[in-house]
Amino acid sequence: MVSAMPELPEVETVCRGLALALEGRRLIRVQTYRAGLRRPFPLDFAERLQGRRVERIARRAKYLTLFLDDGWVWLAHLGMSGRMLVGPADENPPGKHDHLIVETEDGRRVAYNDARRFGLMDLCVTADLRLHPLLAALGPEPLDDAFTPLVLAAALAGRSGPIKTALLDQTLVAGIGNIYASEALFRAGIDPTRSAATIGLEEVERLVPAIKSVLIEAIAAGGSSLRDHRRTDGELGYFQHAFAVYDREGLPCPDCTCAEGVRRLVQAGRSTFYCAKRQR
DNA sequence: CGGCAAACCTGCGAGC
DNA sequence: TGCTCGCAGGTTTGCC
């Protein structure tokens with residue numbers, strides 16, 4: 001069994017699990033159980049996957065890219081509640097919210113399960129992948145060496161909105177979501193409500209390593225399992241136990257025991273968690 | 001262009 | 001036990 005929930009570390013965890021199950025394998029059976037997710041599946045989606053061998057699986061931001069042997073790429077996004085469940089190919093009927101099931105020549109089965117159906121599937125010619133409308137505008141990968149303080153500082157300049165909201169903008173840097181935005185700002189000691197443009201270079205020089213370290217540690221932990229995320233082997237990720245502030249309203253942060261504890265506020269409709277004493 | 005609210009859809013936990 | 005409300009990891013659209 002496998003699955004996921006989607007910020008960069010969770011998608012990376014799913015990517016690695018899927019690679020173990022599918023790379024080098026031919027898809028001998030593909031079945032969809034509804035017309036699509038947040039948008040319709042591509043025309044003849046199941047037929048176009050059927051019989052193809054999966055050569056390689058990679059991740060770009062929160063997207064999974066499965067490279068097929070006919071020069072096409074299967075592009076998948078997990079939305080909020082999407083999982084990839086890996087198991088033996090048996091005769092079990094599709095489970096509740098299973099929307100797509102593939103079976104491999106060596107007897108494995110991967111079910112895409114997504115209660116909220118915010119996920120997305122598409123097909124794209126490999127040569128055009130970088131130009132795909134969903135990928136073309138994405139910012140740098142935060143774990144790439146090319147993602148440097150100078151790059152982030154340039155992206156933040158001129159943005160009047162809060163730094164926390166800016167980190168969620170996938171065109172600025174791709175892959176950070178609501179959990180890791182709060183956690184990275186805590187590590188960097190930066191108040192999430194500050195205007196992005198006011199974050200000085202020395203602060204950006206703390207923020208970039210903070211982003212990288214929290215993502216790397218979360219990947220090593222198999223991601224964070226709050227509600228949905230599972231690893232490919234069915235185990236829970238455990239990084240949620242390492243949260244300093246996320247979902248910890250009123251509790252002390254690791255660095256201080258101020259009476260009010262971690263604060264929660266809403267920015268652009270999303271919860272933000274931070275320590276007012278530790279973050280300035 | 002920037003920023004924000006709402007919408008997409010279902011499940012779950014808290015409170016009554 | 002059961003109902004209602006609020007909230008949830010993401011992205012897109014539309015309005016100001």
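Letters A, B, ... mirror the listed sequences (proteins, then strands); counts begin at 1.
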Rounded C1' spacing from dG9(C) to dG3(B) in Å: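 These two C1' atoms come out 22 Å apart once rounded.
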P atoms of dA6(B) and dG6(C), separation to the nearest Å: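 The answer is 13 Å between these two P atoms.
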Contacts of Glu105(A) that satisfy salt bridge (Lys or Arg N to Asp or Glu O under 4.0 Å) - sequence neighbours left out: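 Scan of Glu105(A) (salt bridge (Lys or Arg N to Asp or Glu O under 4.0 Å), adjacent residues dropped) gives none.
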From the list [options], which nucleotide is the closest neighbour of the side chain of [X]?
X         : options                  : answer
Glu7(A)   : dT12(C), dG11(B), dG9(C) : dG9(C)
Asn178(A) : dG9(C), dG11(B), dG3(B)  : dG9(C)
His77(A)  : dG10(C), dA8(C), dT12(C) : dG10(C)
Ala115(A) : dG9(C), dA8(C), dT10(B)  : dT10(B)
Phe118(A) : dT11(C), dC8(B), dG3(B)  : dC8(B)

Can you check whether [X] has a side-chain N or O nearer than 4.0 Å to OP1 or OP2 of [N]?
X        : N       : value
Arg38(A) : dT11(C) : no
His97(A) : dG11(B) : yes
Lys62(A) : dT11(C) : yes
Ser81(A) : dG11(B) : no
Tyr63(A) : dT11(C) : no
Lys96(A) : dT10(B) : no

Atom CZ of Arg39(A) with >12 non-hydrogen neighbours under 6.0 angstrom: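 Not more than 12 within 6.0 Å, no.
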Whole-Å distance between [N] [atom2] and [X] [atom1]?
X         : N       : atom1 : atom2 : result
Asn113(A) : dG9(C)  : CG    : P     : 19 Å
Leu138(A) : dT11(C) : CG    : P     : 9 Å
Glu10(A)  : dA8(C)  : CD    : P     : 16 Å
Arg83(A)  : dG11(B) : CZ    : P     : 12 Å
Met80(A)  : dT11(C) : CE    : P     : 10 Å
Leu168(A) : dG10(C) : CG    : C1'   : 10 Å
Asp114(A) : dC8(B)  : CG    : C1'   : 11 Å
Glu12(A)  : dG9(C)  : CD    : C1'   : 17 Å

Stem regions touching DNA chain B, defined by at least 3 consecutive Watson-Crick or wobble G-U pairs below 3.5 angstrom: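 Correct response: B:2-8 with C:10-16, B:10-16 with C:2-8.
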Tell me yes or no: between the side chains of [X] and [Y], is some donor less than 3.5 Å from an acceptor?
X         : Y         : value
His99(A)  : Asn113(A) : no
Ser213(A) : Arg187(A) : yes
Thr272(A) : Gln267(A) : yes

Pairwise side-chain contact, Leu172(A) with Leu152(A), heavy-atom cut-off 4.5 Å (strictly under):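 Sidechains of Leu152(A) and Leu172(A): in contact.
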Contact check, side chains of Thr65(A) and Arg59(A), non-hydrogen atoms, under 4.5 Å: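 Answer no - side chains too far apart.
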Geometric cation-pi criterion Arg38(A) and Phe118(A), 6.0 Å radius, 45° cone: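 No, Arg38(A) and Phe118(A) do not form such a contact.
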Residue closer to the 5' end of DNA chain C, Arg116(A) versus Leu134(A) (nearest nucleotide):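 Here Arg116(A) is the residue nearer the 5' end.
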Touch class at under 4.0 angstrom, heavy-atom based, for Arg270(A) against every strand present: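 Base, at least one base atom sits under 4.0 Å.
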